[in-house]
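Data block below; observations after.
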Amino acid sequence: MRRGACQGVEPYLAARPSRAGAGQALERPHSRRILPRGVRGGGTIDNVSATSRRTHRCGELRVQHVGQRVRLGGWVHRRRDLGGILFVDLRDRAGIVQVAVGPGAPEEVRRVAGGLSGETVVEVEGQVTARPANMKNPELATGDVEVQATRLAVVGPAVTPAIPVARGKGEELPAEELRLKYRHLDLRRPEMQSNLMLRHRLLQRARRTLSDLGFLEIETPVLTKPTPEGARDYLVPSRVHPGEFYALPQSPQIYKQLLMVSGFDRYFQLARCFRDEDLRNDRQPEFTQIDLEASFVGMEDVLGYVEAVLVALWDEAGHKIARPFPRITWREAMERYGTDKPDLRYEFPIADWTAQVKPLAVPFFQSALKDGARVRGLAVKGGGGLSRKDVDQLAEAAKQLGGSGLAWVKRQGEQISGSIGKHFTAETLGQLGVGDGDAALMAVGPDRVTSPVLDRVRQEVIRRLEFKPKAAHAFCWVVDFPLFEPDPETGKPVFAHHPFTSPHPDDVARLDTDPFSCRALHYDAVYNGNELGSGSIRITDPVVQRRVFGHLGMSPEDAEARFAFLLSGLQAGAPPHGGFAVGFDRVVMLLTGAGSLRDVIAFPKTTTARALFEGAPAPASRADLAALHIEVKS
RNA sequence: GGGGCUGUAGCUCAGCUGGUUAGAGUGCCGGUCUGUCACACCGGAGGUCGCGGGUUCGAGCCCCGUCAGCCCCGCCA
């Protein structure tokens with residue numbers, strides 16, 4: 001056990017067995033040999049931390065080190081000068097340890113310690129001592145010990161930091177703009193270090209899991225050709241070929257299919273992907289996917305591989321997840337939850353109340369109840385707890401999503417109230433599952449309107465009434481997605497996913513006659529209402545692939561020009577194959593509890609896609625532009 | 001492209017109905033202090049109220065514009 005890693009600032013490391021034993025053994029003779037005279041190595045426990053300049057990391061020291069002479073390097077987190085005695089909290093990535101400079105310390109040490117300011121980098125040599133019982137600090141993993149400094153040197157003087165690294169309890173974070181501008185300081189904070197250390201471990205665990213399953217890590221180009229995800233491409237001008245451009249990959253989609261054609265059988269990559277679209281809290285223009293593809297597989301196989309990865313990742317973060325994940329069809333998800341990424345932590349489904357409500361002749365519904373429109377609603381247990389203000393805000397949100405609003409009924413004993421309350425009896429409400437103290441929230445219209453409305457209302461009700469989740473971790477697979485969706489403007493069928501997704505074999509015959517009824521061999525992994533990733537079984541028949549391109553409105557010539565390398569690949573003998581891509585940054589965000597992707601990416605972009613730290617993008621020089629055959633309009 | 005929120009000391013924030021000298025905590029600087037751990041105490045410095053224009057006798061506060069950050073829609077798996 002590397003106990004040193006298991007302390008406060010890195011909570012996810014708790015009780016994790018080390019697998020680094022062999023590597024440590026190799027390191028040991030080396031680090032022992034170069035340790036300075038008079039300083040003993042750290043024994044058998046923390047030797048990977050030792051270097052020619054230090055024996056341990058600050059945060060690793062424990063009672064077992066008492067009596068040892070150690071040498072540390074780190075940043076001055078805080079300093080407490082009591083006059084005759086002075087304490088320095090020394091910080092590195094492993095944590096914080098208290099260095100004591102008492103009246104008995106050498107004059108030089110006392111002098112240097114007296115002048116230390118925050119964030120200065122120092123090297124300390126001293127003896128680890130046990131703190132007396134009443135002077136221990138239980139909030140610090142190293143709180144049972146301290147280091148009595150016998151040597152102290154400033155090796156990296158620091159100006160007063162622009163934003164604080166050491167924060168007081170309850171002190172707010174600096175503005176995000178400043179955190180991004182002074183990212184080197186923000187990244188020193190133990191929270192950020194913890195996030196990025198977990199990220200590292202998740203990456204390693206994903207690699208190991210897939211490698212153990214026989215997947216080969218193969219890198220694909222970053223300078224490439226536009227891929228078909230449908231987002232805007234980042235373009236890179238070619239110097240050698242005037243007027244021509246590379247595109248940065250939105251995903252390695254076509255490459256991984258070609259690797260299957262090439263017979264690599266199982267591929268994975270921790271792939272950097274680029275999409276030039278507007279940002280969100282959970283969307284960055286460059287991001288990382290755990291990308292995989294396998295040959296001679298069906299959907300079951302792929303879901304199995306992805307489950308193995310996800311279970312391993314959650315395990316790495318300390319959560320035990322049961323397999324297999326439950327499955328829900330896309331149709332059922334839309335029917336019961338109004339979304340293709342249902343949050344199954346809560347058993348609180350949407351119901352079709354058309355049959356029960358239609359005979360009541362409620363004016364609010366009558367005009368809308370045509371052309372296949374339905375009345376759908378939520379029976380809210382304890383919905384009496386929703387204030388009039390809550391209901392009004394829910395109705396307002398419903399209207400913003402394009403609905404005609406939200407009808408509501410509350411039942412308290414024999415008292416029935418609400419916007420359409422006078423049309424209801426306790427008996428009718430009982431049939432809808434609305435009991436005493438409950439409420440019914442209803443929307444009317446075509447499903448494409450009521451689904452998003454009731455999805456939103458459901459989430460808001462869960463939040464406002466603080467429903468208890470029935471599980472902390474609710475994974476599911478959403479399967480049987482439609483192959484096409486109507487174009488919002490023309491109503492014509494367009495592909496719901498990328499155009500390499502195989503139609504469901506049972507539905508292929510209806511491809512031309514009834515496209516909207518065709519299902520795709522496409523599947524999403526959903527966790528607590530978040531989409532973690534998606535995948536599909538691919539089209540391997542070049543004839544079908546050409547037909548599908550035709551459906552996208554692509555002429556055979558267009559298809560050839562854009563995707564010749566894929567089409568010729570498929571003609572060359574393509575094995576049945578399929579794959580998946582996990583949005584890795586989002587996984588890290590969920591597992592760290594971070595509020596935004598920016599807290600799990602070392603150097604993220606702002607919402608306007610700027611890098612405040614390094615200052616990208618930036619204008620290019622006239623000479624650079626000329627070399628690239630580019631003129632910029634000003 | 002559209003909507004919303006925010007912008008006051010290095011940092012986090014307060015600032016009344018527009019009113020005369022813009023405050024607090026923390027950090028910083030100086031001092032006292034031998035067991036602190038957000039040490040405590042005493043003293044001090046520190047302001048282009050994001051920027052530009054307007055209204056007004058008078059603007060941190062009202063109006064218009066603009067910039068930046070964040071959130072959302074559009075867009076994007």
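Every chain is numbered from 1, with letters handed out A, B, ... down the list of sequences.
Set against B/rC11, B/rA77, B/rC72, the side chain of A/Asn281 has B/rC72 as its closest nucleotide. Across B/rC11, B/rU36, B/rA77, the shortest atom-to-atom separation from the side chain of A/Gln250 is found for B/rA77. Counting only heavy atoms from C-beta on, A/Leu82 has its side chain closest to B/rG35 among B/rG35, B/rA38, B/rG74. Nearest nucleotide to the side chain of A/Gln289, out of B/rC71, B/rA77, B/rG74: B/rA77. Candidate nucleotides B/rG27, B/rC76, B/rG69 were compared by shortest atom distance to the side chain of A/Leu180, and B/rG69 ranks first. Side chain of A/Ala231, nearest nucleotide from B/rC76, B/rC28, B/rU36: B/rC76. Among B/rU34, B/rC37, B/rC76, the nucleotide with an atom closest to any side-chain atom of A/Ile85 is B/rU34. Distance from the side chain of A/Arg283 is smallest to B/rG74 among B/rC28, B/rC37, B/rG74.
Remark: the separation of the C1' atoms in B/rA24 and B/rG19 is 22 Å, to the nearest Å. Between B/rG50 and B/rA59, the two P atoms lie 15 Å apart (nearest whole Å). B/rU6 and B/rC13 have their P atoms separated by 12 Å, given to the nearest Å. If you take atom P in B/rC49 and the same atom in B/rU8, they sit 11 Å apart, rounded to whole Å. As rounded to the nearest Å, B/rA77 and B/rC70 have C1' atoms that lie 24 Å from one another. Between B/rG27 and B/rC11, the two P atoms lie 15 Å apart (nearest whole Å). Taking the P atoms as reference points, B/rG60 lies 14 Å from B/rA9, given to the whole Å. One C1' atom belongs to B/rG58, the other to B/rU21, and the distance between them is 16 Å to the nearest Å.
With both pairing distances under 3.5 Å, B/rC29 is matched to B/rG43 as a Watson-Crick or G-U wobble pair. Pairing partner, B/rU17: none, since no Watson-Crick or wobble contact has both distances short of 3.5 Å. For B/rU55, there is no paired base (Watson-Crick or G-U wobble, both distances below 3.5 Å). B/rA68 is paired with B/rU6 under the Watson-Crick or G-U wobble criterion, all donor-acceptor distances under 3.5 Å. Using the Watson-Crick or G-U wobble rule with both distances under 3.5 Å, B/rA22 pairs with nothing in any strand shown. If you check B/rU36 for Watson-Crick or wobble pairing at under 3.5 angstrom, you find it has no partner at all.
Rounded to an integer number of Å, the gap from CG of A/Leu90 to P of B/rC37 is 19 Å. When rounded to the nearest whole Å, the span between CG of A/Asp282 and P of B/rC70 equals 14 Å. Atom CD in A/Glu396 sits roughly 18 Å away from atom P in B/rC72 (whole-Å rounding). Rounded to a whole Å, the CG atom of A/Leu279 is 18 Å from the P atom of B/rG2. Counting to the nearest Å, the P atom of B/rG7 and the CD atom of A/Glu176 are 16 Å from each other. Nucleotide B/rC39 holds its C1' atom 15 Å from the CG atom of A/Leu140, rounded to whole Å. Separating the CZ atom of A/Arg79 from the C1' atom of B/rA38 is a distance of 15 Å, rounded to the nearest angstrom. Rounded to whole Å, the distance from CG on A/Leu178 to P on B/rA9 is 11 Å.
Under 3.5 Å, the side chains of A/Thr288 and A/Arg272 contain a donor-acceptor pair of N or O atoms. Inspection of the A/Gln284 and A/Glu286 side chains reveals no N or O donor paired with an N or O acceptor under 3.5 Å. A/Gln289 and A/Ser251 form no side-chain donor-acceptor contact under 3.5 Å, judged by distance and modelled atom types alone. The closest side-chain donor-acceptor pair between A/Thr339 and A/Arg458, if any, does not fall under 3.5 angstrom. Side-chain contact check for A/Asn195 and A/Glu191: no donor-acceptor pair (N or O, by modelled atom type) lies under 3.5 Å.
A/Asp276 comes within 4.0 angstrom of no nucleic acid atom, judged by non-hydrogen atoms across all strands. When heavy atoms are screened at a 4.0 angstrom cut-off, A/Lys136 is found touching base atoms of the nucleic acid. Within the 4.0 angstrom heavy-atom criterion, base atoms lie near A/Glu531. Contact annotation for A/Gln284: no contact, since no heavy-atom pair falls under 4.0 Å across all strands.
Taking the six-membered ring for Trp and the full ring otherwise, the centers of A/Phe215 and A/Tyr267 sit at least 6.0 Å from each other. Ring centroids of A/Tyr305 and A/Phe580 are separated by 6.0 Å or more, keeping the two rings apart. For A/Phe516 and A/Phe484, the ring centers are positioned 6.0 Å apart or more. Aromatic ring centroids of A/Phe325 and A/Trp314 lie 6.0 Å or more apart.
Side-chain atoms of A/Glu172 and base atoms of B/rG25 include no donor and acceptor less than 3.5 Å apart. Judged by distance alone, with hydrogens and angles left aside, A/Arg167 brings no side-chain donor or acceptor close enough to the base of B/rU12 to form a pair under 3.5 Å. One can find a donor-acceptor pair under 3.5 Å joining the base of B/rG74 and the side-chain atoms of A/Asp278. Judged by distance alone with a 3.5 Å cut-off, a donor-acceptor contact links the side chain of A/His497 to the base of B/rA77. Put simply, the side chain of A/Gln98 and the base of B/rU36 share a donor and an acceptor less than 3.5 Å apart.
Within the 4.0 Å cut-off from OP1 or OP2 of B/rG74, not a single side-chain nitrogen or oxygen of A/Arg280 is found. The shortest distance between the side-chain N/O atoms of A/Thr606 and the OP1/OP2 oxygens of B/rG69 is below 4.0 Å. Applying the 4.0 Å criterion to OP1 and OP2 of B/rC71, one finds that A/Arg598 has a side-chain N or O inside that range. Using a 4.0 Å cut-off, some side-chain N or O of A/Thr608 falls inside it from OP1 or OP2 of B/rG69. Between A/Arg80 and B/rC39, a side-chain N or O to OP1/OP2 separation shorter than 4.0 Å is present. Contact check, A/Thr607 against B/rC70: a side-chain N or O comes under 4.0 Å of OP1 or OP2.
For the pair A/Pro106 and A/Arg151, the minimum side-chain heavy-atom distance is 4.5 Å or more.
Of the two residues near RNA chain B, A/Arg78 and A/Leu612, the one whose nearest nucleotide lies more 5' is A/Arg78. For A/Glu177 and A/Pro103, each mapped to the nucleotide of RNA chain B holding its nearest heavy atom, the one lying further toward the 5' end belongs to A/Pro103.
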